[in-house]
Number of protein chains: 2
Amino acid sequence: MTAEQSDQPDQHPVNALDDVVHQRVRLGILTVAHQARRVEFGFLRTALDLTAGNLSQHLSVLEKAGLVHIEKGYEGKRPRTWLTLTPAGDRALREEVAQLKRLIQQIEQGGSDAQA
Amino acid sequence: MTAEQSDQPDQHPVNALDDVVHQRVRLGILTVAHQARRVEFGFLRTALDLTAGNLSQHLSVLEKAGLVHIEKGYEGKRPRTWLTLTPAGDRALREEVAQLKRLIQQIEQGGSDAQA
DNA sequence: GCAGTCAGCTTTGCATTGCAAACTGATCCT
DNA sequence: AGGATCAGTTTGCAATGCAAAGCTGACTGC
């Protein structure tokens, strides 16, 4: 146990996860936005069971990070807010998934007691 | 308050995730603890690239939640802290993995599960 | 043997985050 | 017209997460 690769700061999957993306609610938002091309605020709100205030803030975090595009307009006379994933958002989500898969593999392989 | 059609409380995978387990660092701790039967504090610290203070607090969160058992003692004359997953911790980790898998599947299918 | 140093954590202090209640402004109902 | 409802945003506050400082005991030089 000699050669410590100190130039390898962190090889652990969790260190490759981005907190903006990994956060539970935002991961949900990105997932839904990935599945549907364009999502309504209200749909997200009920699909993820959030308060409007909570959702509103998570959206601005995602927008500020450049992961989603937010589009405000009207449906008839009612104001609406739609959400689309940006290319960066799509990449970020894929990256999250890739790291989660690595993590899951580690968990499922290396157990002292493993059972599916 | 309108008793709306909340008979479908939340079918979305992210709502089944436990924030105690899902948090990035703690997910890492649980993963490492799952792979090795018994982990040293110092090992976790370097493996996950954490400050001691940060690790210390995450461990007490996990302990308070009953997910890990913390054991203090000596190795030779040096004080050491070891960590083991409790059965509940193991179950919680498996549950997290199960939900993550559901989530990943949803993402990778990429279908348009549209709205109105 | 007692100052100084180091290993191994814990505690403290503070900035950020996340949540829901309160608010704004427009539309619908009667 | 006046109230109820929809669609979000802003505000206020509690909880979280982080690193720096602090604490405790062991070993080292003198």
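So that the names make sense, note that chain A is the first sequence line, chain B the second, and so on, each numbered from 1.
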With a 4.0 Å cut-off on heavy atoms, is [X] in touch with a base, just the backbone sugar-phosphate, or nothing at all?
X       : result
B:Gln23 : sugar-phosphate
B:Thr51 : base
B:Arg45 : nothing
A:Ser56 : base

Write down the distance between [atom1] ([X]) and [atom2] ([N]), rounded to a whole number of angstrom.
X       : N      : atom1 : atom2 : result
B:Glu40 : C:dC9  : CD    : C1'   : 13 Å
B:Ile29 : C:dC9  : CD1   : P     : 14 Å
A:Ile70 : D:dA7  : CD1   : C1'   : 14 Å
A:Leu62 : C:dG18 : CG    : C1'   : 13 Å
A:Leu83 : D:dA7  : CG    : P     : 16 Å
B:His58 : C:dC9  : NE2   : C1'   : 16 Å
B:Arg26 : D:dT16 : CZ    : P     : 8 Å
A:Glu75 : D:dA7  : CD    : P     : 9 Å

Toward the 5' end of DNA chain C, by each residue's nearest nucleotide, B:Asn54 or A:Gly53: B:Asn54
Heavy-atom nearest nucleotide on DNA chain C for A:Arg24 versus B:Thr81: which residue maps closer to 5'? B:Thr81
Taking the side chain from A:His22 and the backbone from B:His22, do they hold a donor-acceptor pair closer than 3.5 Å? yes
Any donor and acceptor pair, going by atom type alone, linking the side chain of B:Thr81 with main-chain N or O of B:Phe41 inside 3.5 Å? no
Taking the side chain of [X] as its heavy atoms from C-beta onward, which of [options] lies nearest to it?
X       : options               : answer
A:Val25 : D:dG8, C:dC19, C:dG18 : C:dC19
A:Arg78 : D:dT9, D:dC6, C:dC9   : D:dC6
A:Lys72 : D:dT9, D:dC18, D:dA7  : D:dT9
B:Phe41 : C:dC9, C:dA20, D:dA26 : C:dC9

Rounded to the nearest 0.5 Å, the NE2 atom of A:His34 sits from the OG1 atom of A:Thr84 at a distance of 14.0 Å
Could you check whether A:Lys101 pairs with B:Glu108 (Lys NZ or Arg NE/NH1/NH2 to Asp/Glu carboxylate O, under 4.0 Å)? yes
In this structure, which one of B:Gln106, B:Gln99, B:Gln105 forms a side-chain hydrogen bond (donor to acceptor under 3.5 Å, both in side chains) with B:Arg102? B:Gln99
Check whether any side-chain nitrogen or oxygen of B:Lys64 sits under 4.0 Å from OP1 or OP2 of D:dT16, and answer yes or no. no
Is there a side-chain polar atom (N or O) of A:Arg80 under 4.0 Å from OP1 or OP2 of D:dC6? no
